[in-house]
Every structure is written in C-alpha cells, then in structure tokens.
Amino acid sequence: MPFDHARLLEQVAQIQQRISQAAQRSHRDPASVRLIAVTKTHPMLRINAVLAAGIHDLGENRVQEAEEKIALQTPEALAQTRWHLIGHLQRNKARRAAKLFSLIHSIDSVKLAEILNRIVDEEASVIPQPLPILLQVNVSGERSKDGFELAGGVHNSAWLDFVGEVRAIAELPLIDLRGLMTIAPYSDDVEGVVRPCFRALREVRDQLEQRLDRPLSELSMGMSGDFEVAIEEGSTIVRVGTALFGAR
Ligand SMILES: *Cc1c(COP(=O)(O)O)cnc(C)c1O
C-alpha cells in the first residue's frame, strides 16, 4: 500500500478521539490513557510520520526489529521516542532489551526478572535504575498466548503461587514493577469473552495492590479491535497498530 501521510494524520486524530470518548464514557480522564503506536513491520517513513503527529510511544514485538529502527533514527528523534517491548522476550536478548526500551511489557517469569535485575546492576552506566517493567498475564487461558498462566485471574487455583511470584519480582531492587499487560482473544463476543478478560486483569491488579501493599498503576490492555472496551475496564496503555497504519 502506498503511504498516505494525510490519511495517517486523520487516523491518529480519530483514534485519539475514540480514546477520549471511551474514557469519558467510563468517567475517566482521557489523559490517563496512553496510546502506543505499534510499528512492527512498518517502515521508518510511517514511524517518522506518527512521531511528527505527536505520538512518542512506539511499540515493537521483536528486539532485533526495534534495534534496526532505532539505529535509523536521528538523535533528536530518538530523544523524543519511548520504545516499548510488547512481544515475548527471550532470556538471551534481555541485555539488549534493557538498553533499548523505556518499558518492557512482557516479563513472564521470576527468572527473567532476576536476569534483568542483574543486568541493570552490571550496566549501571547505560541502563536507568530501576528498570520499569510490566508482567504479562494470560488471563484468557488461550494456549497460544505468552505470559504468566492465570486463566480466570484471581479465581485460578494457582492464584496464591502467582502472588508469591509477583512479590518476589516486586522485591528486586533494580526493577520497577509498574503493572500488568494482557492480550485478549480475537473474538466477536465482546461481552462474553473480551470484556471479561480485561476485567479479570484489572481484578488481578487490584488484588495484587492490596496483598503487596503497593501501587501497580499501569494496565497495558487493548489493541485495534478492542481498545475502547479495555479503556472502559481501566486500561492505562493501549497498543494500536492496524487501526493507525492499516493491515500489516
Ligand atoms: C501487534 C500487537 C499489537 C497491535 O495489534 P493491532 O491489532 O494491529 O492493533 C498490540 N499488542 C501486541 C502484543 C502486539 O503484538
């Protein structure tokens, strides 16, 4: 598809308006929802255009692809970009990821968090301390999804074990646990499938805050097909690709 700059600007404005309306419907401040433009597979031309449109949070799901794009950014553009890792992180790429991303959304084990904690210690001159992370939680039960397995959220029989794992991560001194991330199933059944998934993540977050006695303010949930429902259920970060750029 040829790149249409004017159309991208229209899409940005339209998504921002839909975010505002969803926030207002649920009596929330629109400024409490951050839009991440998911740029995976898209070229620099489009990335530069969304930055110029005022969106400074960009999401990639692979370390390598983000690295290549970051290398192509001017220092001025890089200084105003916050790169987010939203895809699965392999342990052997943790060091590179910690150096590149403002926020890693996809931490899925205590082990991975411990590895990052050690890396932040070793790389104190190049990685900010503490390193902000989110835990990816699979509350839907779909087997294809990454993350801590917690189908049904707080009602899962592994709930207390999960709380123990989150506590262990929260206690790592060089890691800043900011909240949770999830991916809802692709489904037309919004009320039966999608909304309950977002609601379950929020419930997990609320219970964790009580048990750990600390805030976990970020909920990264909602993509092109379901970000309005996610906002109604408390999302603070929506990750939107297709609705901004068109199909990949
Ligand atoms: C690709 C991706 C998105 C964006 O998906 P769209 O449906 O294109 O908006 C969001 N989150 C994650 C984790 C992704 O991998």
Side-chain angles (χ1 to χ4, degrees), residues 1 3 7-8 10-19 22 33-43 46-47 49-50 53 55-69 81-90 93 97 100-109 112 132-150 178-190 193-195 197-198 200-202 218-248:
M1 232 185 344
F3 176 59
R7 174 148 175 80
L8 179 64
E10 262 170 45
Q11 294 298 101
V12 168
Q14 198 194 87
I15 299 293
Q16 283 170 330
Q17 191 182 20
R18 285 170 60 190
I19 289 172
V33 183
R34 190 159 28 145
L35 170 61
I36 296 184
V38 176
T39 51
K40 65 188 183 204
T41 76
H42 295 296
R46 289 179 195 195
I47 293 175
V50 280
I55 298 184
H56 299 289
D57 290 280
L58 305 182
E60 286 282 335
N61 62 349
R62 292 176 53 239
V63 175
Q64 173 91 27
E65 188 173 339
E67 214 160 42
E68 287 165 10
K69 287 172 175 169
T81 310
R82 288 179 295 269
W83 287 96
H84 295 253
L85 181 65
I86 60 175
H88 180 67
L89 176 57
Q90 290 169 270
K93 295 190 178 147
L100 295 174
F101 294 99
S102 302
L103 182 61
I104 300 175
H105 294 226
S106 49
I107 302 304
D108 60 1
S109 69
L112 181 57
I133 64 162
L134 306 179
L135 305 184
Q136 183 172 354
V137 186
N138 178 2
V139 287
S140 75
E142 278 194 311
R143 297 181 70 188
S144 57
K145 299 275 192 287
D146 296 312
F148 287 89
E149 292 288 341
L150 199 69
R178 297 262 177 94
L180 308 177
M181 178 272 231
T182 201
I183 304 172
Y186 283 103
S187 171
D188 292 335
D189 187 359
V190 172
V193 175
V194 178
R195 190 184 299 279
C197 174
F198 295 141
L201 191 74
R202 185 195 177 133
E218 301 287 0
L219 283 176
S220 169
M221 54 188 200
M223 308 175 23
S224 291
D226 56 22
F227 68 88
E228 288 152 304
V229 184
I231 291 167
E232 288 166 10
E233 296 301 327
S235 173
T236 62
I237 304 177
V238 294
R239 311 175 307 264
V240 178
T242 308
L244 279 173
F245 299 109
R248 284 182 290 274

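Index from 1, following the sequence. Keep in mind that this is a model prediction, so the values were computed, not measured. For ligands, and for the atoms within them, numbers begin at 1 and follow the listed sequence.
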Check each N or O atom of ligand 1 against all protein N or O atoms and list the pairs under 3.5 Å, with atom names and distances to 0.1 Å, one per line.
from: ligand 1; atom 1: 8 (O); to: Thr242; atom 2: N; distance (Å): 2.8
from: ligand 1; atom 1: 8 (O); to: Thr242; atom 2: OG1; distance (Å): 2.5
from: ligand 1; atom 1: 8 (O); to: Arg248; atom 2: NH1; distance (Å): 2.8
from: ligand 1; atom 1: 8 (O); to: Arg248; atom 2: NH2; distance (Å): 3.2
from: ligand 1; atom 1: 9 (O); to: Ser224; atom 2: N; distance (Å): 3.0
from: ligand 1; atom 1: 9 (O); to: Ser224; atom 2: OG; distance (Å): 2.5
from: ligand 1; atom 1: 9 (O); to: Gly241; atom 2: N; distance (Å): 2.8
from: ligand 1; atom 1: 11 (N); to: Arg239; atom 2: NE; distance (Å): 2.9
from: ligand 1; atom 1: 15 (O); to: Lys40; atom 2: NZ; distance (Å): 2.6

Check for a donor-acceptor pair, side chain of [X] on one end and backbone N or O of [Y] on the other, with a separation under 3.5 Å.
{"X": "Lys69", "Y": "His42", "result": "yes"}
{"X": "Arg239", "Y": "Ile86", "result": "no"}
{"X": "Ser140", "Y": "Pro185", "result": "no"}

(Q) Does either side chain, that of Thr236 or that of Arg34, offer a donor lying less than 3.5 Å from an acceptor on the other one? (A)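 Side chains of Thr236 and Arg34: no pair found under 3.5 Å.
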
Q: Tell me, please, which residues at least two apart from Val229 pass side chain to side chain contact (heavy atoms under 4.5 Å, CB included).
A: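 Residues passing side chain to side chain contact (heavy atoms under 4.5 Å, CB included) with Val229: Val190, Arg195, Phe198.
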
Q. What pair of heavy atoms forms the shortest contact from Leu100 to Trp83, and how long is it?
A. O-CB, 4.1 Å

